[in-house]
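Values in this document were obtained by computation on a predicted structure and should not be read as measured data.
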Amino acid sequence: MSEQPTNAKLSLDELQAQREDVFRSQLDRDPYDLDECTAWAARNAKRGSVSASLSAAKASGRTVVVPRAGVASMEGQRALMRELDEAGAGVLPITVDSLTRELRFDEAARQLAESTATESHLNGFPIVAHGIEATRELITSFSKPVIIRANAVDLRIVAETGMASGGTAFVSGPMYATLEYSKNVRLAESIPKWQYIFRILGHYTERGVPAGDDAVGFAQSGTCSVPSLMLVGVVLDALIMAGQGVKHVMPYAMLQGNIAQDVACCLASEILTQEYLHKLGFTDVATYVASSDWNGAFPHRAADAYGLIATNVVAAAIAKVPLNYVKTIEEGVGVPTAEANAASIRITRYLFRLIGKQADSLMSEDVHFEKELILMQARAVLDAVLDLGDGDPVVGSIHALERGVLDIPFSPNVHVRGNVLPVRDAAGAVRFLDHGNLPLPAESLRLEQQRLAVRAGSGPGLSYQDMIDDLQFLELEDELTAQPNVVAPMEP
Amino acid sequence: MSEQPTNAKLSLDELQAQREDVFRSQLDRDPYDLDECTAWAARNAKRGSVSASLSAAKASGRTVVVPRAGVASMEGQRALMRELDEAGAGVLPITVDSLTRELRFDEAARQLAESTATESHLNGFPIVAHGIEATRELITSFSKPVIIRANAVDLRIVAETGMASGGTAFVSGPMYATLEYSKNVRLAESIPKWQYIFRILGHYTERGVPAGDDAVGFAQSGTCSVPSLMLVGVVLDALIMAGQGVKHVMPYAMLQGNIAQDVACCLASEILTQEYLHKLGFTDVATYVASSDWNGAFPHRAADAYGLIATNVVAAAIAKVPLNYVKTIEEGVGVPTAEANAASIRITRYLFRLIGKQADSLMSEDVHFEKELILMQARAVLDAVLDLGDGDPVVGSIHALERGVLDIPFSPNVHVRGNVLPVRDAAGAVRFLDHGNLPLPAESLRLEQQRLAVRAGSGPGLSYQDMIDDLQFLELEDELTAQPNVVAPMEP
Amino acid sequence: MPRFLRTPRVVIGSIGDDIHVVGITILAHALRNAGAEVIQLGIQTPPEEFVATAIAEDADVVMVSSSNGHAAMWCSQLRADFDTAGAGSILLYIGGNLSVSAATPWESVEARFLSMGFTRVFAPRTQPEVALEALAADLAQLHAPDEQEQGVERV
Amino acid sequence: MPRFLRTPRVVIGSIGDDIHVVGITILAHALRNAGAEVIQLGIQTPPEEFVATAIAEDADVVMVSSSNGHAAMWCSQLRADFDTAGAGSILLYIGGNLSVSAATPWESVEARFLSMGFTRVFAPRTQPEVALEALAADLAQLHAPDEQEQGVERV
Ligand code: B12
Ligand code: B12
């Protein structure tokens with residue numbers, strides 16, 4: 001691991017040396033036998049892979065619907081995956097618990113021991129505790145491809161274990177994991193850890209497993225994200241993946257409830273990712289936009305949650321994304337029941353089919369407006385970041401974050417300035433309330449200002465409190481609470 | 001009742017004479033005391049009315065959500081209405097059972113006697129059997145205005161009873177009731193019966209009850225309806241209402257699953273109704289477009305039904321209709337439970353709020369295309385119908401039906417030619433498979449043909465069987481049934 | 001889809017106060033496609049009209065449809081009326097939505113209509129093919145002894 | 001919103017492996033708005049850091065947040081640690097999503113955390129105002145004997 005990370009590809013020798021270190025220090029054992037693992041995984045990938053499914057979907061304009069789900073025990077996880085399979089999930093998820101993600105493998109194993117098939121003490125599947133053999137057995141018992149889902153700064157062992165067990169795609173990258181999931185870690189420290197993972201994915205790809213990875217970027221803060229900024233992170237994650245040989249990237253687009261802006265975000269995600277991949281010479285990377293149902297606070301009533309999911313899916317269907325991550329109607333309540341998972345996948349598939357047929361007829365002027373706005377802003381920031389690194393996205397993003405040229409709202413990370421704030425306009429589209437030090441074109445700010453003026457009306461400008469209020473925008477609770485039946489008396 | 005009905009307004013004397021006949025022959029009693037009834041109803045209407053709620057909604061761009069519901073017993077109906085009230089219905093419905101609609105008042109009373117608060121032997125509320133006193137008591141116990149819902153050829157006693165009991169709006173008119181709800185009756189016979197009802201509504205209006213009426217037109221065949229043809233019936237119903245002094249009309253728009261076409265249908269419904277009202281000199285009739293969730297076969301799974309309702313509401317919200325009739329997620333199953341009613345109203349209100357804010361941003365090119373197409377076709381047929389009556393819509397529609405200048409698909413009425421057939425194009429928009437003898441502009445048929453060509457592809461043209469298949473278009477069942485998990489073996 | 005060797009004659013309609021027309025239209029279409037002779041009575045057909053028409057037209061089967069929840073009211077005397085009219089062995093089918101409340105368990109609905117004398121009671125959403133199969137089987141059964149060879153052929 | 005006469009000092013953070021930041025951000029914002037002094041520890045705060053900071057900062061109350069379902073793992077020793085550190089009477093609040101499964105009845109979750117020694121256990125989706133009211137009441141109670149006049153004033 002060099003002091004000053006760059007986007008240069010790790011040699012296989014460097015990778016092997018790092019593997020020795022990581023396995024020794026974190027698991028106190030030798031690394032998995034990479035040749036055995038890739039050979040096995042390549043045979044497994046002949047049965048199907050996430051990338052192959054997405055490639056077929058993209059070609060035919062269809063959408064693969066993918067839930068997120070993980071529980072502690074093997075029995076529980078198998079039952080859960082079977083359920084999702086039957087409900088029509090196109091790819092099956094194994095979401096890893098957060099103790100494992102934080103490298104507390106022993107504690108995760110202890111909690112696994114206390115969990116049963118029906119009661120999980122963990123918020124995910126402790127994949128390291130279960131180990132490769134058992135997880136291979138689980139994955140090969142399904143016909144659909146499996147994605148390993150986790151997010152944290154250091155997922156090297158998790159990624160190794162997931163890929164060795166037959167997962168054909170993984171989640172996330174340094175932008176998202178560092179800025180959204182960690183408190184103290186700097187990019188200079190986390191990027192090399194992710195480059196290790198991408199190099200592993202790249203190696204599997206060379207050996208016949210077309211490993212995919214979600215470029216989540218700045219897509220999921222739990223608050224709303226201005227799409228241009230969200231996609232800056234997506235593109236940076238994708239460039240760093242490509243740097244290590246990843247050939248199948250799923251650029252993200254988090255859906256936020258304003259359909260025109262969401263459609264535009266999906267379209268721009270594909271455009272920007274390919275544009276910058278090409279700019280940096282990565283001309284053979286396949287991209288499959290992954291939209292995700294709203295990732296902030298959900299309404300807790302099922303009927304409202306159905307409404308929110310429907311709004312998201314309408315947008316994703318208009319944009320014809322090849323992949324949609326589906327939330328459940330119980331997101332606002334807790335880990336979903338089997339029925340909630342099945343119902344959420346059903347309404348999603350129903351709407352993709354129905355709206356999919358009529359997608360072209362629903363492209364509005366405003367979709368184009370939003371798309372141009374996103375492209376204008378994202379290009380300005382991305383060009384500035386790359387400039388700061390003399391064309392190297394790794395060097396550039398490290399410098400950019402220090403100067404506030406990269407900055408996101410509500411980050412738990414202490415190294416993020418946090419001067420950027422989002423706010424919704426009257427139509428619910430997400431704009432900058434404060435753009436901090438982001439190098440945004442004046443023209444784009446003027447356009448945003450025009451839209452924000454409608455919400456501000458004749459009152460004082462929008463404030464921090466408006467942003468706080470927006471956190472509950474998609475719950476619409478108060479407005480929906482029915483009035484009591486107060487009967488006016490008849491006049492005599 | 002003259003031999004050759006026209007659109008001329010009945011004098012109050014004629015109305016009174018007819019009332020004597022109708023009450024005598026159908027109920028064997030004197031008519032209700034019209035002065036007492038209107039005076040009471042006017043006092044009641046000061047508490048609120050359907051028209052007042054719709055007028056406020058129209059002015060502010062909001063939507064009143066209205067379910068349909070009726071059960072036999074007073075207790076059951078009260079509980080049902082309370083439930084709907086709490087769930088957020090903006091107007092409360094009293095749907096009348098079909099025995100009462102068919103004038104089988106005694107049999108309805110017998111079935112009422114056998115029904116309990118929790119088990120209804122009737123598919124609606126037998127309003128005549130319950131009588132005015134009891135129904136007034138029911139209606140005045142709610143703060144929200146009440147609509148009396150029924151459909152049949154002869155609803156004179158039902159309408160009298162509903163209005164006298166405090167209902168402030170009624171449903172339907174001769175086009176819908178005759179062509180969609182009866183087997184043998186001719187328009188010449190049914191129109192005068194409806195003119196009686198409209199004259200009653202007009203009289204209440206003069207006395208201070210702003211009585212509203214749904215102009216349903218040819219909107220609900222249980223199959224899909226080409227919007228232009230649907231609206232021809234709507235306008236004719238509205239013109240006949242206006243002829244008898246109705247001042248508050250709710251022109252219909254049945255939502256059919258293609259959003260662009262549905263939005264256009266809502267917009268065109270308002271435009272055409274006002275245009276022809278003005279043409280015939282009715283310049284003081286207020287209109288409030290009433291969209292209705294899909295009125296054909298529903299998916300029987302709740303999650304799919306949520307998806308269908310969501311698709312409908314998105315369209316209605318984009319069109320900013322003041323009134324939406326909401327179906328339930330159990331429509332495809334049977335009379336809905338309390339929970340299903342509440343959940344369906346909730347998702348509807350949720351989506352009206354969320355999409356309502358962004359309605360303008362979702363107007364697409366295709367909405368304009370569909371709107372122009374609807375206007376072009378509907379005007380051609382309406383002008384031809386009016387020509388056949390020398391400007392009189394009553395005379396015109398009687399003649400037009402005979403000649404196939406008015407014609408609808410799947411009518412149960414033997415006097416309808418039934419040469420017209422609908423079919424969906426590749427995007428799900430409804431077109432003419434066969435336009436029979438309707439006088440449609442060649443240009444409009446050319447435009448439809450272009451759209452249909454996409455579905456026909458290179459195969460043979462579309463056929464009757466395609467139309468039959470379309471009946472299940474919105475169920476999407478087969479396509480959604482999950483594949484079994486057939487695991488491909490790993491290669492050795 | 002089964003095809004019949006001997007043309008069955010089918011009387012079909014919605015009973016009583018029921019105005020639902022789509023189901024019977026599709027059913028008639030499918031029956032005609034399969035080679036049956038269909039006498040379509042349409043909506044709101046009084047019980048007596050089913051009996052009179054079936055006898056006049058020498059029907060093999062009467063297919064009663066009811067969707068509006070009022071089926072039971074109109075059907076209790078139907079089998080007896082056929083008996084009285086001398087058509088005691090006619091096949092009597094019913095389908096649609098047969099109870100007012102969806103909560104009523106299907107078994108009890110089916111049992112109720114079977115006890116009224118219907119030969120077969122079809123659950124909501126029955127596809128036309130299912131009705132055709134049933135009819136083919138019932139006719140084969142009926143004509144089995146005397147028309148062994150003709151019978152019913154499934155294609 | 002209650003306003004405090006004496007400035008309460010609040011230590012706040014998400015515990016253990018939890019990375020949810022929005023709840024604690026809003027809560028801190030509301031506390032500051034109401035006049036409290038807030039020491040924000042942020043996400044993934046180890047239990048020991050809550051104890052050390054509360055003592056160093058002489059806090060009146062520690063507000064622990066946990067949303068990822070792992071609350072119980074990290075909290076069982078917390079009260080004991082405060083006792084050991086000589087801050088036995090400190091107010092200890094917890095909120096967020098406290099059990100892995102939503103199916104767990106709230107009463108049992110609440111009872112479990114009360115028995116761990118938390119002063120108050122807040123249900124999911126608790127609005128900041130509710131926490132403020134509770135804090136105002138608890139502080140009033142604590143200072144009631146000696147600071148009768150000051151107490152807590154609700155505006
Ligand atoms: C379209 C529709 C209407 C249209 C009908 C237009 C028309 N002229 O046909 C309109 C809007 C006018 C209407 C009115 C009413 N309707 Co309606 N309607 C429907 C709806 C949405 C679809 C029906 C349909 O066309 N299905 C498609 C066809 C192809 O399917 P099908 O009729 O079920 O028939 C199939 C099979 O069942 C089978 N089949 C049918 N009959 C038979 C008979 C035999 C022997 C066999 C073998 C097979 C068979 O063949 C078909 C092949 O697939 C259903 C709900 C749903 N299913 O989604 C409600 C529904 C049937 N209606 C219902 C009701 C209550 C009414 C009203 C009474 C409402 C009211 N209170 O105002 C009135 C009826 C008044 C009257 N006098 O009868 C209820 C009935 C509930 C019950 N049984 O208790 C339903 C289920 C809605 C609900 N969830 O409440 N309705
Ligand atoms: C946004 C979100 C995320 C974002 C978080 C971004 C960030 N950095 O904050 C992302 C996507 C990263 C995320 C990740 C995960 N999440 Co999450 N997430 C959510 C979500 C959608 C909204 C949370 C939110 O921001 N709410 C808005 C804020 C304002 O509300 P709040 O946090 O509830 O706080 C309020 C009150 O509760 C109160 N409060 C909170 N704490 C305290 C404390 C005290 C003392 C008091 C008085 C009050 C109080 O104050 C706030 C005022 O309103 C919820 C589901 C939902 N609610 O809709 C799931 C949810 C909380 N997440 C969940 C899970 C499981 C996870 C993951 C483990 C998923 C996974 N397996 O990958 C990871 C966490 C990994 C880790 N290491 O912790 C589950 C937790 C279920 C459980 N308890 O068992 C939930 C409920 C989703 C679900 N239905 O399954 N998540």
Can you tell me which portion of A:Phe473 sits under 4.5 Å from chain B's heavy atoms? Options are side chain, backbone, both or neither. side chain

Between the side chain of B:Ser361 and the main-chain N/O of A:Asp366, is any donor-acceptor distance below 3.5 Å? no

Structural part of A:Ile259 lying under 4.5 Å from a heavy atom of chain B: both

Chain A contact via B:Leu354 - side chain, backbone, both or neither, heavy atoms under 4.5 Å: both

For A:Gln261, does its backbone N or O pair with a side-chain atom of B:Gln358 as donor and acceptor, under 3.5 Å? no

What's the spacing between A:Thr140 OG1 and B:Met490 CE if we round to 0.5 Å? 6.5 Å

Heavy-atom pair with the smallest gap, counting every atom of A:Ala343 and B:Ala303: O-CB, 3.4 Å

Taking B:Ile309, B:Asp360, B:Leu308, B:Ile329 one by one, which has the highest count of heavy-atom pairs under 4.5 Å against chain A? B:Leu308

Top residue by heavy-atom pair count (under 4.5 Å) with chain B, among A:Thr311, A:Ile355, A:Ile318? A:Thr311

Any side-chain heavy-atom pair from B:Leu474 and A:Tyr350 closer than 4.5 angstrom? yes

Quick one: does A:Ser143's side chain have a donor or acceptor within less than 3.5 Å of a partner on B:Ala488's backbone? no

With a 4.5 Å cut-off on heavy-atom pairs, point out which of B:Arg47, B:Glu365, B:Lys46, B:Met363 contacts chain A the most. B:Arg47

Contact between B:Lys357 and A:Asn258 at the side-chain level, heavy atoms closer than 4.5 Å - yes or no? no

Give, as side chain, backbone, both or neither, the part of A:Ala260 having an atom under 4.5 angstrom from any heavy atom of chain B. both

